[in-house]
Asks: 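This is the structure I want to talk about, given as structure tokens.
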Amino acid sequence: MTLKEELKQIIITELNLEDILLEDIKDDEPLFGDKFGLDSIDAIELVFQLKKHFGVEIRDMKEGRPALESINTLAAFIEARQAA
Amino acid sequence: MIRAAITGMGVVGGFGCGVSLLKQALEKGRSPDQTVRISTEKGDITAPALLADTAPLARYVSRKARRRFDHYTRLALLGGFLALDDAGMRESRPGRMGIILATGYGPTCNTADFTHSLTSDSVSFGSPTRFSNSVHNAAAAYLAILLREKGPSLSVSQFDMSVAQALLTALIWLSEGRVDTVLVGGVDEYCNVLGHYRQTLDGRGSAGAVQGEPALAVIGEGAAFFVLSKAGETAGTYGIIESVSMGKIPGRLPGPDDGSPVILGADGYTDCLNRYPRLVSISGTIGVYTGVYGGLPVGQAFDMAIAALSLTGGMLYPSVSPGTVFDDTFGLPRPAIPLKPGRLHCLKLGSSDDYGMLTLSVN
């Protein structure tokens, strides 16, 4: 499973997105908005899950807002942190 | 004390979802067979269980809204919505409504997961969703939010006595005029931690009725809710709650002296085969139905539902106990027996010689 697929699986499982499949989440589309109904609580949940699964910490909104935009930005954030 | 009319009932458990499936299980004398796997030090074992399916909640709550609800909350919501639906009060309710939720264990699956993650994950904080679901009044609060009710909302946790305490509180609220209606119910869920606990008790002989015998308690979970209003002002579809009494047993509890049938919350835990005959004098016919809904701290809520169905149906259902040893000990009637219009009592003994007794009557 690629990093992006793993991220999608975590989002589906941990945020309880019933009836959503991996292929329903496009790499470049916004995660937060009407399509999946995610909100600020989900953002905090995602911060927790990133730390738990990848050991990567989002410290504040300045880091979090661009990182949590899409699967592409999340994957890039994780790879950058893990490489540092 | 004020009397309360039962105007709606909502039940979900191992027998299925809704009053009609509870009736069906009582008439058949059994709920569908289910089992759970429990991890023990000697390896996995399989135990009989009566677990509840909350899929019908989709009728009442959108996928988006129920996304964050754990199984415990879903049980509570389903029981509550079914009761309000039954009372014709889901969409609109006259006056002010209070919500009281009784539970013995609370959201155990979620809370065990949350505490486990705090102690075992390499993260310095826990899941916010699991945290929010672990707080004491979460399920009752979700009910209030979804129903847009601004009346009092309370969770009661007094283990075996939770249901009697919740009903007593409901009667007080109605008596004070604090609310016009109360949605009150009991909820408990099964989780692996409780399965492990049951096996530990079993190993000590405590979960079985007789020392050294296998556990008689069938694992149970579910929710049973009621809509209550002041009797006299409203006719009770399912009869009237005449009284709720609680206390410590003074040596030996004088049972009801009116000769009316008594439903015992004898669920196979806490040595109940010895304790009920030793502590209580009962002259009327006895019924035990824990074989239909299983062993759980809020079992008395299911007993109350069964009592209400018996009273309004004019017959005491055949007992469905966890084992034939119960039938012999209590002399449980197997065929249904006709009930004279009158009263029916539900008695639950607590784990430390406390008791809760409900008395129901027809209108």
Side-chain angles (χ1 to χ4, degrees), chain A residues 3 6-26 29-65 67-68 71 74 77-79 81-84, chain B residues 17 52-78 81 107-135 137-139 141-146 189 191-192:
Chain A
L3 173 60
E6 199 178 344
L7 279 168
K8 290 175 187 177
Q9 191 59 63
I10 289 168
I11 288 170
I12 289 169
T13 306
E14 301 296 342
L15 305 184
N16 295 318
L17 297 179
E18 292 175 27
D19 301 336
I20 299 285
L21 304 172
L22 287 188
E23 52 268 33
D24 293 333
I25 306 177
K26 309 297 177 207
E29 71 182 339
L31 289 173
F32 292 84
D34 291 340
K35 181 172 177 184
F36 304 118
L38 303 189
D39 57 25
S40 57
I41 301 281
D42 295 304
I44 303 169
E45 185 69 45
L46 266 179
V47 170
F48 169 75
Q49 297 298 339
L50 291 182
K51 176 74 174 167
K52 180 178 170 183
H53 289 276
F54 303 105
V56 167
E57 195 169 346
I58 292 178
R59 285 182 286 262
D60 53 32
M61 287 287 286
K62 198 176 166 187
E63 278 186 352
R65 195 178 291 275
L68 295 171
I71 291 293
L74 262 177
F77 181 82
I78 292 167
E79 284 170 342
R81 281 299 168 89
Q82 288 178 333
Chain B
C17 175
D53 178 13
T54 60
L57 184 62
R59 275 187 248 153
Y60 301 112
V61 183
S62 72
R63 190 176 65 192
K64 188 177 171 185
R66 67 178 186 268
R67 184 162 64 84
R68 290 202 184 98
F69 301 151
D70 60 7
H71 182 59
Y72 170 82
T73 294
R74 288 176 190 223
L75 284 171
L77 293 174
L78 184 53
F81 278 112
T108 45
C109 298
N110 175 83
T111 306
D113 283 350
F114 179 69
T115 51
H116 180 71
S117 77
L118 285 180
T119 54
S120 58
D121 290 342
S122 57
V123 189
S124 56
F125 58 100
S127 155
T129 309
R130 291 217 165 96
F131 171 72
S132 61
N133 284 335
S134 74
V135 298
N137 204 38
Y142 284 134
L143 256 173
I145 291 165
L146 289 174
E189 68 171 344
C191 77
N192 291 332

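By convention in this document, chain letters (A, B, ...) are assigned in the order of the sequence lines, proteins followed by strands, and residues within each chain are numbered from 1. In this text the structure is predicted, and so the values were computed from the model without any measurement.
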Asks: Take a 6.0 Å sphere around CZ of Phe54(A) and say whether it holds more than 12 heavy atoms from other residues, nucleotides or ligands.
Replies: yes
Asks: Closest approach of Phe48(A) and Pro128(B), non-hydrogen atoms and distance?
Replies: CB-CD, 4.3 Å
Asks: Examine distances only and state if a side-chain atom of Arg67(B) and a backbone atom of Leu15(A) form a donor-acceptor pair shorter than 3.5 Å.
Replies: yes
Asks: Given that the side chain runs from C-beta out, which part of Leu46(A) has a heavy atom under 4.5 Å from chain B: side chain, backbone, both or neither?
Replies: neither
Asks: Taking atom CG of Asp60(A) as the centre, report whether more than 12 heavy atoms of other residues, nucleotides or ligands fall under 6.0 Å from it.
Replies: yes
Asks: What I'd like to find out is whether the side chain of Arg130(B) reaches to under 4.5 Å of the side chain of Glu45(A), using heavy atoms alone.
Replies: no
Asks: Would you mind checking which part of Arg63(B) comes under 4.5 Å of any heavy atom in chain A, side chain (CB onward), backbone (N, CA, C, O), both or neither?
Replies: side chain
Asks: Between Asp39(A) and Arg68(B), does the salt bridge (charged side-chain N to carboxylate O under 4.0 Å, His left out) criterion hold? Intermediate values first, please.
Replies: CA-CA 12 Å; Asp39(A) 57 25; Arg68(B) 290 202 184 98; 2.4 Å; yes
Asks: Out of Asp19(A), Leu17(A), Ile41(A), return the one with the most heavy atom pairs under 4.5 angstrom to chain B.
Replies: Ile41(A)
Asks: When rounded to the nearest 0.5 angstrom, what is the spacing between CG in Asn16(A) and OG1 in Thr129(B)?
Replies: 8.0 Å
Asks: Around atom NZ of Lys35(A), are there more than 12 heavy atoms from other residues, nucleotides or ligands closer than 6.0 Å?
Replies: yes
